[in-house]
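What follows is a single structure, written as structure tokens, with notes after it.
Residue numbering restarts at 1 for every chain, and letters A, B, ... go by the order of the sequence lines. Every value quoted in this text rests on a predicted model; they were computed, and no experiment measured them.
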Number of protein chains: 2
Amino acid sequence: MSHQSQKSCMASARRISGLLRENGLRATKGRAEVLALFFETGKPLAQRQIMEMLRLKLDRASVYRILNAFTAAGVIHMAYVDGRHRVYELPDRCSGRSCHPHFSCRSCGMTACLEDFKVHSQGTLGKGFVAERQKVLIEGLCPDCTEGKK
Amino acid sequence: MSHQSQKSCMASARRISGLLRENGLRATKGRAEVLALFFETGKPLAQRQIMEMLRLKLDRASVYRILNAFTAAGVIHMAYVDGRHRVYELPDRCSGRSCHPHFSCRSCGMTACLEDFKVHSQGTLGKGFVAERQKVLIEGLCPDCTEGKK
DNA sequence: CAATATATGCGATAGAGTTGCAATAAGCAG
DNA sequence: CTGCTTATTGCAACTCTATCGCATATATTG
Ligand SMILES: [Mn+2]
Ligand SMILES: [Mn+2]
Ligand SMILES: [Zn+2]
Ligand SMILES: [Zn+2]
């Protein structure tokens, strides 16, 4: 590993610790690494995937607790439920009530973020209701599975 | 119970059996009653609720199998996941790719169908993708919980 | 009504997620 | 840097949803 990349890793590590503390979370090694995984991959992650990607050893329960703490603090949010797995992601590509949609293939289970797909909602929720977030999941067939069905 | 309502129950029962057979499903007593519950309540139901509402005795596993069979046949569909519970409903108020949205309160977990809330999506999924259904879940606070937060 | 294929009951099992408790480590004052 | 305080972690047990294998029951068909 070069000096350069080592420096950028250090900087990144400090940035992540800062982000944790800004959100009222103690910057532990486990939390820093889990949060780093979200930044490095840029993809939605479930507890299972996180466990497999971790260099540092972390207990299952700790990862679940970290994901819950992050969600409560707003550092991540739950993107969608894939089968029985809860899948989380950074809320960076979401603004206010319009979160980006996700796609899920009903045949193979493949999922993807839909960055260019826009969803406009209109209507009233009723007196007293407050909308904070809008989750959209498009279900259908992915390219591989449409081929197979021909 | 009056003659009238008994007649209408009978008619309803025959209609439900017919609907099951039309969709390639054997019209068993268990299936008929579960499907009747969806029609009678008109509400989204989870396995737990169904178990509690059943007059007829049905095993847990059977209810799960019935819900899976109904979903595969398109008689019902999964509306959303409430915590760990899968919640199903009749697809009657959905047309093509535009299913009606649902609301979920992040504080108390209360959920509701949003009949008057319209969602228009635009954009392309990419070559080979086929969109079949669009699930929308609005998360926020219900009237009871907005009161409490004041 | 009998034959056949499917659905159900029952018990065991899988798997995601949570919890209690003792040990550990982060944050902070000195 | 050091020790104190408190939040976090590891571990194991546990909860709960959902699934599965297999023997039995039941719907459908002729
Ligand atoms: Mn996403
Ligand atoms: Mn609904
Ligand atoms: Zn696919
Ligand atoms: Zn509420």
| query | So, are B/R106 and A/E132 salt-bridged, with charged N and O less than 4.0 Å apart? | reply | yes

| task | Please round to the nearest 0.5 Å and tell me the distance separating atom CD1 of A/I138 and atom OG of A/S104. | result | 10.5 Å

| request: With DNA chain D as reference, determine whether B/L25 or A/I66 sits nearer its 5' end, using the nearest nucleotide of each. | output: A/I66

| message | Quick check: is A/L137 connected to A/L90 through a chain of hydrophobic side chains (ILVMFWY, heavy atoms under 4.5 Å apart)? | response | no

Between the protein and nucleotides 20-25 of chain D, which nitrogen or oxygen pairs come in under 3.5 angstrom?
| unit_1 | atom_1 | unit_2 | atom_2 | d |
| --- | --- | --- | --- | --- |
| D/dG21 | O6 | B/R65 | NH1 | 3.3 |

| Got B/H102 and B/T111 here, is their nearest side-chain heavy-atom distance under 4.5 Å? | no

| note | From NZ of A/K57 across to P of C/dA25 the rounded distance in Å is 14 Å

Using nucleotides 13-15 of chain C, report all nitrogen or oxygen pairs with the protein that are shorter than 3.5 Å.
none

| Can B/R93 and B/E115 be counted as an ion pair, charged N to O under 4.0 angstrom? | yes

| query | Separation of B/L56 atom CG from D/dA27 atom P, in whole Å? | reply | 11 Å

| Distance test, side-chain N/O of A/S62 to OP1/OP2 of D/dG10, below 4.0 Å | yes

| request: Measure the distance from CG on A/D82 to P on C/dG17 and round it to the nearest whole Å. | output: 11 Å

| remark: Closest non-hydrogen atoms of A/F103 and A/E139, given as atom of the first, atom of the second and distance, are CE1-C, 4.4 Å

| query | Nearest-Å distance, CD1 (A/I50) to P (C/dA16)? | reply | 13 Å

| query | In residues 26-36 of chain B, what residues come within less than 4.0 Å of DNA chain C, judged by heavy atoms? | reply | B/R26, B/T28, B/R31

| field | Aromatic centroids of B/Y88 and B/F70 separated by under 6.0 Å | value | no

| request: Take atom CZ of A/R48 as the centre, draw a 6.0 Å sphere, and report whether it contains more than 12 heavy atoms from other residues, nucleotides or ligands. | output: no

| task | Quickly work out the A/Q49 CD to C/dG17 C1' distance and round it to whole Å. | result | 16 Å

| Within a reach of under 6.0 Å around CG of B/N23, are more than 12 heavy atoms found that belong to other residues, nucleotides or ligands? | yes

| request: Taking only the side-chain nitrogens and oxygens of A/N68, find out if one of them lies under 4.0 Å from OP1 or OP2 of C/dG17. | output: no

| task | Among B/Q134, B/K135, B/H77, find the residue that satisfies the side chain to side chain contact (heavy atoms under 4.5 Å, CB included) test when tested with B/C94. | result | B/H77

| request: Whole angstrom is fine here: how far is it from CZ in B/F70 over to P in D/dA18? | output: 16 Å

| said: Looking at C/dG17, I'd like to know if its phosphate oxygens (OP1 or OP2) sit under 4.0 Å from a side-chain N or O belonging to A/Y64. | reply: yes

| said: Does A/R86 qualify as a cation-pi partner of A/Y80, given the criterion of NZ or CZ under 6.0 Å from the six-membered ring centre and within 45 degrees of its axis? | reply: no

| message | Return whichever of A/L58 or B/Q47 has its heavy-atom-nearest nucleotide of DNA chain D closer to the 5' end. | response | A/L58

| remark: From CG of A/N23 across to P of C/dG27 the rounded distance in Å is 14 Å

| message | I need the CG-P distance between B/L67 and C/dT8, as an integer number of Å. | response | 11 Å

| Test side chain to side chain contact (heavy atoms under 4.5 Å, CB included) applied to A/M78 and A/V81, step by step | CA-CA 8 Å; A/M78 202 210 295; A/V81 177; 3.8 Å; yes

